[in-house]
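Numbers restart at 1 for each chain; the letters A, B, ... are given by sequence-line order, proteins then strands. Computed from heavy atoms alone, side chains included, the values below leave out hydrogens, waters and symmetry copies.
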Amino acid sequence: MQSLLPLIPFLPLLGFLINGIFGRKYFSKTTVGLIGSAPVLVSFLLSIACFNEVATSGPISVTLYPFLSVDSLQVPFGFLVDQLSVWMMLIVTGVGFLIHVYSIGYMHDDEGMWRFFAYLNLFIFSMLLLVMGDNFLMLFFGWEGVGLCSYLLIGFWYNNVEYGKAARKAFIMNRIGDLGLLLGIFLIYKTFGSIQYAQVFSQLGTLEIGAGVVTAICLLLFVGAIGKSAQIPLYTWLPDAMAGPTPVSALIHAATMVTAGIYLIARCNGLYSLSPDAMHVVAIVGLATSLFAAFIGLRQNDIKKVLAYSTVSQLGLMFLALGMGAYSSAMFHVTTHAFFKALLFLGAGSVIHAMGGEQDIRNMGGLRKALPITFWIFLIGTFAISGFPLLSGFFSKDEIFAHVYDHGGAIWWALASIGGLLTAVYMCRLLYVTFFGNFRGTDDQKHHLHESPASMTVPLIILAVLSVLGGVLNLPHFMHIEPSSWMAHWFAGNGVGGTPVIPMGEIGIDASTEWMLMGIATAVALAVIAVGYVMYSKPDNLPVADAQQSGLGKLFANKFYVDEIYDALFVNPIARLSKLLHYYADVWGLDGIVDGVGKSVMGLGGYFRRLQNGNIEYYLMGMVAGIVLLLLSVFA
Amino acid sequence: MLEAVPIEYFLYLCTLLFVIGVFGVLTRRNAIVVLMCIELMLNAVNLLLAAFSTYLSDAQGQILVFFIMVVAAAEAAVGLGILVMIYRNTKSTDISLLDQLRN
Amino acid sequence: MTLAIFLTLAVIAVITALLVVLSRNPVHSVLYLILTFFTIAGLYILLNAQFLAVVHIIVYSGAIMVLFLFVMMLLNLNKDTEPQKSNLWKIGGAVAAGMLLVTLVGAMRGGIELQAAAQPNSQVGLVENLGKVLFTDFVVPFEIAGILFLAAMVGAVLVGKRDLKL
């Protein structure tokens, strides 16, 4: 297994190279799709083998070669596959493969299909590097790689200026977070003298709880996570990132890349456990983001924007779980979220495909007859995310709520539950407005409506099954159904240092309270689904246009004016400052100096050119004078 | 002979010859005479090299003199060739007139 | 005795060198220069550099100076027609040369300490010895000097051709 391990990331890289170099000229679209998908499938199978290996004989670590060797800083290019990373590998390659297959159908009419698959493969490579690396530098490597791929894929249709701007926005926003991550890594190196996981985490015992430097490291790493995982205040790029093709939104901006921040914190759970302050900050940011994005999601009419804000909100929920110390619960939600959010995005892609590019839900309606498979899987996704009993989201959210109630108290639990309630509301609104009622599009679109091809629906069905059954991975212990809390036990397995990768989280509330909490959540979810059906499935009950919104609704529809506030606070002042600098510092100052140097040399030259009169005698006299001066300077 | 003539004497003699050559180069206008003065300067250096060679009992100094002679002979041949060419064009060997380099 | 010979030759050399510079007729300059070269050859012999002395006479007096004379006759320059520089130039040249002399002498007096060879060898300047050094240690520069001569010859011929057609 050790020798095959490097193949997992490098096969997709090979796919990227082949498609990127030869795809345009030599391959048909089907070939491009196959070359793009096959390495990911092989990587997935190898990941399963890895999973078996880790389950039987513990973590695998492989060092390929010394990557960086400067003084005391020794960084190998090495892989560490333990319980946490192998889980992420399964998600990345598994969901990734399904989305590759889906893309074969979805992108079949696009000229740049070879480019698309090349980027997707590069993304899989970077993401695998991120989760498989055995040190923070490799993580950073992958971190930047996925950022680049995200940029390339958001701006995939670069002919559209708005899309290009969205790509740039995502990239710049991520840069802010990356800076924090980088500073955090520097601080880790300064504190621990190494940036390898094994060496850093083995030294944690020497630090006391609440040490200032640990808090600083944790907060800096969290800044990186905020950027990548779209939390307040750096979340605004994610909704704009929906400019990319829908499979990209599903893979990168919902299922995998944005969970890199969760992975980072779960990976460093030992550090965070030493810093209650940093945990507190994580929890607050997570909860705030969860509520904030949910409110905005209530009044969005673009099918992908709703899902985007839902993603931001769910990521906030995961950070809330991390802040509460429920790392394995967060990873559980990452997993189920990857299933049902990929499902929802791909379902939305199927709808958009059928509608010929239309994304506004007010122009849809009544699609359940025309797109039966899409309707059913969308229904499953919606119910899963809303917390419909016994679907995957039900278990993962419930576990997080239980931890919040235990560690944060009733108020935190209530706020988090409001977030869950809002999730159910906007998701149901999306479902009912899109698939029920009458068709509101043009006749042309109506004529064109069709169910998607098998390459698109089969991945959807697989994801739907996973969304339904995903809860089995981590059944609540109080239900007494074996294997209960399987996933928590899995992550609590011994990592490379002989210590648990993620220690078991303890819940200090009794089973009856947990049953009660679960009951409340279930009742709320069911009520929302029922009320939502009554409210939105009627043919004439449509969301109004943005301009007609009033009060809070207007505020939500305009996303709390956050983009406008950022423009006013940061973008415009900086733009104005750079204009000022351009004029005064560059044109007037620097250019002035440069031109001045040129002009003064020319002026001086005007005088000196008289010395160059072409007469040899003058030159000879100058030569002799020069020799005299030279000798004087040496010997005098 | 080394006991009889100190090396300093050779130094002064050669310096004097060299400076006379420089003086000639600076004050004469006839290009041929200027070339001759350059030969004089070269010879002053040659003599000094030979003196040091003997003084230090090292043959390399004299070898260097040979190479300087080679260069001097080549220089004289080409220089005089150029001079003839210039004379053909300007009917003069006056270096004061040779200010064509200016343009 | 040796010192007397040296002084005699040195005085003659300086005087003739001055005459080279000062005489108006270029042909006289050439003749004086030949005289200077002969005194220098005498000094070479005084330095036990017999081979060098012979080569010097052959190359300079025999070849180069004849070339000078030849060119001068060819160009009909054997008259006192050379335009003179202004006195200002002459004074300037004298001052510059004098400055150079003073500086050089000052540098020599102040900055040089010489150490004679521990075991003087009077055979250094003989042809056998020089030949060995020239054809062992300096054989590559020697060949390069040959190429330089060839190039100079080609160059001189090219420059001297009347209507150059390339």
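Contacts of B:Asp58 with chain C are made by backbone atoms alone, with heavy-atom separations under 4.5 Å and no side-chain atom involved. Contact annotation for C:Tyr60: only side-chain heavy atoms (C-beta onward) come within less than 4.5 Å of a heavy atom of chain B. Interface remark: C:Phe68 contributes backbone and side-chain atoms alike to the contact with chain B (heavy atom separation under 4.5 Å). Interface remark: C:Ile64 contributes side-chain atoms only to the contact with chain B (heavy atom separation under 4.5 Å). Proximity to chain C (any heavy atom under 4.5 Å) is shown, for B:Leu16, by both the backbone and the side chain. Within the 4.5 angstrom heavy-atom criterion, only side-chain atoms of C:Leu33, from C-beta onward, approach chain B. With a 4.5 angstrom heavy-atom cutoff, C:Phe138 touches chain B via backbone and side-chain atoms both. C:Met153 does not touch chain B: none of its heavy atoms, backbone or side chain, sits under 4.5 Å away. Within the 4.5 angstrom heavy-atom criterion, atoms from both the backbone and the side chain of B:Leu47 approach chain C. When heavy atoms are compared at a cutoff of 4.5 Å, B:Phe23 approaches chain C by way of both its backbone and its side chain. With a 4.5 angstrom heavy-atom cutoff, B:Met69 touches chain C via backbone and side-chain atoms both.
Note that CG of C:Leu75 and CZ of B:Arg88 are 9.0 Å apart. Values are rounded to the nearest 0.5 Å. Between atom CD1 of residue B:Ile68 and atom CG of residue B:Asn43 there is a gap of 9.5 Å, rounded to the nearest 0.5 Å.
At a threshold of 4.5 Å between non-hydrogen side-chain atoms, the residues B:Thr27 and C:Leu22 do not count as touching. Contact annotation: the side chain of B:Phe18 approaches that of B:Val22 to within less than 4.5 Å [non-hydrogen atoms, C-beta and beyond]. With a 4.5 Å cut-off on side-chain heavy atoms, B:Arg29 and B:Val34 do not count as touching.
Closest of all the heavy-atom pairs between B:Leu42 and B:Ala72 is CD1-CB, 3.7 Å.
Between chain B and the residues C:Leu7, C:Val14, C:Ile5, the largest count of heavy-atom pairs under 4.5 Å involves C:Val14. Between chain B and the residues C:Leu130, C:Leu104, C:Ile144, C:Ile91, the largest count of heavy-atom pairs under 4.5 Å involves C:Leu130. Note: C:Leu100 leads C:Leu100, C:Asn129, C:Leu148, C:Asp137 in heavy-atom pairs under 4.5 Å with chain B. Ranked by heavy-atom pairs under 4.5 Å with chain B, the list C:Ala10, C:Gly146, C:Gly155 is led by C:Ala10. No other option in C:Ala156, C:Ala151, C:Pro141, C:Gly98 has as many heavy-atom pairs under 4.5 Å with chain B as C:Pro141. The candidate with the highest count of non-hydrogen atom pairs below 4.5 Å against chain C, out of B:Val71, B:Val78, B:Val70, is B:Val70.
Taking the six-membered ring for Trp and thresholds of 30 and 60 degrees, C:Phe135 and C:Phe142 have ring planes more than 60 degrees apart, a perpendicular arrangement.
The number of heavy-atom neighbours closer than 6.0 Å to CE of C:Met99, taken from other residues, nucleotides and ligands shown, is 12 or below. In this structure, B:Tyr9 places its OH atom where only 12 or fewer heavy-atom neighbours from other residues, nucleotides or ligands lie under 6.0 Å away.
Among residue pairs with one or both ends in residues 33-44 of chain C, those qualifying as side chain to side chain donor-acceptor pair (under 3.5 Å) are C:Thr16-C:Thr36; sequence neighbours excluded.
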If you apply the rule ring-ring contact (aromatic ring centres under 6.0 Å, His included), what do you find for C:Phe37 with C:Tyr32, and how did you get there?
CA-CA 9 Å; C:Phe37 286 165; C:Tyr32 285 128; over 10 Å; no
